[in-house]
Asks: 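Encoded as structure tokens, here's the structure I'll be asking about.
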Amino acid sequence: MAFSGPVLLKRIPNDPQQRKLLRYADYVATGGYASLKKAWGMPAEDIIKLVVDSGLRGRGGAGFPCGTKWTFLPKESFPRYLAVNFDESEPGTFKDRYLSDYDPHVLLEGIAIAGYANKISTSYIYIRGEYHKQAKILEEALLEAYANGIFGQKHPGTDIVHNCYVHRGAGAYICGEETGLLESLEGKRGWPRIKPPFPAVAGAFAKPTIINNVETLACLPYILEHGAAWFKSMGTPSSAGPKLFGVSGHVNRPGVYEDELGIKMSTLIDKYCGGVKGKYRAAIPGGVSMGILGTDQFDAQLDFDIGRKYNVLGLGTAGVIVMNDQTDLVVMLRNIVRFFAHESCGQCTPCREGTAWMHKMLSRIVAGYGTAKDFDLLLEVGLSMGSMPGTTICGLADGANWAVKTFLQKFPEDFKKRLKRDVVPGVTLTPAGAAV
Amino acid sequence: MPTMEVDGKQISWEGKKMILQACLDNGVELPHYCYHPGMSIVASCRICLVEIESPDPKDPAKLVRVPKLVPSCQTPAVPGMKVYSKSPKAVANQKAVMEFLLINHPLDCPVCDQAGECYLQDYSFKYGRSESRFDENKAKKPKKDIGKHVVLYSDRCIMCTRCVRFTREISGTGELAVFGRGHKEEIDVFQGKPLDNPLSGNVIDICPVGALLDKDFMFTQRVWFLKTTPSISPFGSGGENILIQHNQGRIYRIKPRFNAEINKWWISDDIRYGWQFVHENRLAELRVADAAHALPMAWEQAEARLEQTLLRSVSERGQGSTLLMLSPFDTTEEMFLAARYIRKVDPQAAIGLNMSRIDGQDQVFTNPTTGQVTYTIRADKSPNRSGAEKMRRHFGDNIVMFNDLASQIASGRYATVVLLADAIGHNDDELAALLSPIANRIVLSSRPSRLTGQATMVLPVCTWAEKSGVYENFEGRVQAFEKAIEPPEPARAAGHVFWNMLGMPGTYSAAQVRQVMADHGLSEYAAVSIPVHHEKVELMEFSPL
């Protein structure tokens, strides 16, 4: 436990007045691209080993060990691609945007290091469609990087020329799912793929592809600079390193803050966000698909073991949404489910139909026409579309299910007091839910 | 052969197969909507999910239970694997998927053409629940006219995307696409680009529900009244296998019949919609044009008259004055009997063959991604050119090439022509003009044309749907088909006419003719098998009340 100060945010001042976009020169002046130079002097295998040793886990939501993912690439199979997942579309998540708003080169350096370590020929930064400004910043930073020989050059010791492009999405949540991202990148409809084959074997354009989150790649320069042991000295044994937390909702100073993994949510809020506005009631640990933390879980440790310990799906993107006791959790859940119903890609039956059904049901409950049986039905619909593993191709249905399940399990009274006592079976209290 | 256990039953398969396909091949039914053996696998309907126990790669004797439900359509079958499609988890999923599919389905089976052959109905009965728990408003989606032959009822669609994959992978035309997202998505065509490729009708067959329907068949018949007869397409030299579906002597539609080597699961729209001629404008009587007037007559009279005419012309003009014109639209048996009869009355009779109808060039469809040929529409539109050629070779000497006919006729060589002209005439006018100098013109046809108009004797015969026999496709594949419907009075199969005139014993049947042919050195016809159509009838088990 040795978090002594910001790592990823070390170039971004806490005071909004002093923040400014770092150009290439500013970045290099503060020690930027030194790690890349260092990496170029190392054998690629050593870098992969270093990343494995550091215990760096994916920052995009699933927390898959980054170095392990790299080792899945089939040997001697080229060309290889790197897709950078910048489709930051999980509600409550804005950490990658913050990073690229002010320090885009740290991402590019991370890409260059990952590219060298894995002999990547092309890297695609798949950026969310709504991020107009960030795409522009990245484009400009890329030009600077090209001009300074970061990209467009052969990886030292190989014949592989590494190029990097910014590819803008069109605003679909599902394109943040790694295979949905690849489909979209290829110009197709963003429908997640069935696996196998896994992207490491046949990803973008049916070639071996690594998909990493922006923050994951941004960690790489610092791991190279300070070493695996330093990285591991932060966080918990299973969740190493510093982490960006995007806090929003009922706190006095919402924003992106950095601390080590395993920090208590209460500490995070009190230390950085100036405390909860009003009385704490509930919080979403990392994007709405992760479920909800209850009133007694204010001290939950934010690390990759959170799911096991606090009955949520996981840490997700660590975009914490805090709710005080004035929050209407039924309306909150309705909004969350509306999001999933709107963003379901429509490929798998359970998700396509189930999310819309739950949204209609919740809309009816919010409108005051809920009946007692709706509670169990909501739970059952959620469970049958998501919780049983394997019912859908990707995890969207599971996310919707976890939201519904944990809201109902942890705050049953909020819902039950909105439901009328049961009426004659088969008789509907009109009107039925409004359309999405 | 590797084996695995599915719900306690041992099944085996060859090569690389997915669990679902291996099960279907062995007659083990697993529910599925989006899977189609002819197209890519998307695993999106999620009703085929099963639980499996797979052999441990390190210790094949040990089975490891896979914690997830896996899509059987997309999971390879592994020797020694155990598959559970009736486990509580699998059943719960089947039930849930059925419920999800039906919540926004209009349930308008009473007015839906698909009712009776609908997978939603079948699986709902087998796997679904008896009442709806959906208290909300159903999504309302429009009915769309998407092409020349096809109507789309979006509200009945279950988004299996089979039709989309068909236009992308089989016809290669890509007219259909998924529009919208989530529960609002719909199948549609792009503006100004209707579904009008020559294979478009197949999307109706592969649609597992009543979303894509046939404009031609729409509201004409409930499918459970239809009888099905396997047959061979008469609309081209491909030899496509089809099913004729009919009721009370009327054809209602034609469906493809699976044949891995010829048409796979598909047929072209020409074949699907070409049958109308069977019920249109048929010859209503046997007729002899005497010096002044036409006389209708019965078959016995006509046969006697025909023989008289032939014998007289041979005795007056000598042997070799008779011309038999075969048609590549008739069955091989009919041509055999006709040629045998003509050579009996006139051993020197010339045998000619009418021309095939050639429409441009073969139209080849490929999968744009793999480049594989998926379907070919043959340019040669006659179903039995190979059979006709074979019969001509069999009857050897004195055969006439079509191009030599004109000069031979002009030289006054022929006194009588017997013309087989089954239904699909294409050069009737040309032929009529060519044959007009011959004194006795006997035409066996199913419908009126200039040929029959100027014939001295007209005998109405059956179309392909009303008779049995074999067609031989462009590669010489001999395929038999059976009679589907009764011919309209007084039409008779041309083969039947010559069978009687040859004085053959017993009743006429194509199978018997093939035996006779085998006895005459055409041994390949002895073992032609007749296709059988098995209705899929599942006996429902009811538990006592």
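Values reported hereafter were calculated over all heavy atoms of this structure, with side chains retained and with hydrogens, waters and symmetry mates removed. Bear in mind that the values here come from a model prediction, so they are computed numbers and not experimental data. Residue numbers begin at 1 in each chain, while the letters A, B, ... track the order of the sequences.
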Asks: Can you tell me how far CE of A/Met358 sits from CD of B/Glu136, rounded to the nearest 0.5 angstrom?
Replies: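 One gets 12.0 Å once the value is rounded to the nearest 0.5 Å.
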Asks: Quick test of your reading of the model: are B/Glu185 and A/Arg189 salt-bridged, counting only N-O distances below 4.0 Å?
Replies: yes
Asks: So which of A/Pro196, A/Cys348, A/Cys351 has the largest heavy-atom pair count under 4.5 angstrom toward chain B?
Replies: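 The option with the most such pairs is A/Cys348.
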Asks: Any idea which heavy atoms bring A/Lys360 and B/Asn104 closest together, and the distance?
Replies: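 The answer is NZ-OD1, 3.8 Å.
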Asks: Can you say whether B/Val66 sits under 4.5 Å from chain A via the side chain, the backbone, both, or neither, judging by heavy atoms?
Replies: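 It is neither, since no heavy atom gets under 4.5 Å.
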Asks: So, for A/Pro350 and B/Val97, which heavy atoms are closest and what is the spacing to 0.1 Å?
Replies: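 The pair with the smallest heavy-atom distance is CG-CG2, 4.2 Å.
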Asks: Chain A: which of B/Arg133, B/Glu131, B/Met159, B/Glu99 shares the most heavy-atom pairs with it under 4.5 Å?
Replies: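 Most pairs with chain A among the choices: B/Arg133.
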Asks: Identify which part of A/Glu380 has an atom lying under 4.5 Å from any heavy atom of chain B, answering side chain, backbone, both or neither.
Replies: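 Side chain of A/Glu380 only, per the 4.5 Å heavy-atom cut-off to chain B.
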Asks: Can you name the closest pair of heavy atoms from A/Ile393 and B/Arg46 and give their distance?
Replies: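 Of all heavy-atom pairs spanning A/Ile393 and B/Arg46, the closest is CG1-NH1, 3.4 Å.
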Asks: Treating B/Arg181 as the side-chain partner and A/His342 as the backbone partner, does any N or O pair qualify as donor plus acceptor under 3.5 Å?
Replies: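 Flag set: sc B/Arg181 to bb A/His342 pair under 3.5 Å.
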Asks: Please determine whether the number of non-hydrogen atoms from other residues, nucleotides or ligands lying under 6.0 Å from atom NZ of A/Lys309 exceeds 12.
Replies: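 More than 12 within 6.0 Å, yes.
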Asks: Going through the distances and angles, do A/Trp191 and B/Val178 end up as a side-chain contact (heavy atoms from CB on, under 4.5 Å)?
Replies: CA-CA 11 Å; A/Trp191 274 6; B/Val178 178; 3.8 Å; yes
Asks: Of the non-hydrogen atoms in A/Ala356 and B/His183, which two are nearest, and what is the gap between them?
Replies: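 The answer is CB-CG, 3.3 Å.
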Asks: Contact part of B/Phe134 toward chain A, heavy-atom cut-off under 4.5 Å: side chain, backbone, both or neither?
Replies: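 For B/Phe134, the contact with chain A is made by backbone and side chain together.
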Asks: Considering only heavy atoms, which portion of B/Lys140 lies under 4.5 Å from any heavy atom of chain A: side chain, backbone, both, or neither?
Replies: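 Nothing of B/Lys140, per the 4.5 Å heavy-atom cut-off to chain A.
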Asks: Considering all heavy atoms of both residues, which atom of B/Phe100 and which atom of A/Glu353 are nearest to each other, and what is their separation?
Replies: O-CG, 3.2 Å
Asks: Report, as yes or no, whether the 6.0 Å neighbourhood of atom CD on A/Gln409 holds more than 12 heavy atoms from other residues, nucleotides or ligands.
Replies: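 Atom CD in A/Gln409 is packed in, count exceeds 12.
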Asks: Measure the spacing between CD of A/Gln347 and SG of B/Cys45 and express it to the nearest 0.5 Å.
Replies: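 Here the interatomic distance stands at 11.0 Å.
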Asks: The test is side-chain contact (heavy atoms from CB on, under 4.5 Å); show your working for A/Arg352 and B/Leu101 and say whether it passes.
Replies: CA-CA 9 Å; A/Arg352 176 182 69 232; B/Leu101 286 176; 3.8 Å; yes
Asks: Check whether B/Thr161 gets within reach of chain A through its side chain, its backbone, both or neither, counting any heavy atom under 4.5 Å.
Replies: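 For B/Thr161, the contact with chain A is made by the side chain alone.
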Asks: A/Ile194 versus chain B, heavy atoms under 4.5 Å apart: side chain, backbone, both or neither?
Replies: both
Asks: If you round to the nearest 0.5 Å, how far is CD1 of B/Ile47 from OG1 of A/Thr349?
Replies: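 If we round to the nearest 0.5 Å, A/Thr349:OG1 and B/Ile47:CD1 are 8.0 Å apart.
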Asks: Are there residues of residues 171-180 of chain A that reach to under 4.5 Å of chain B by heavy atoms, and which ones?
Replies: A/Gly171, A/Ala172
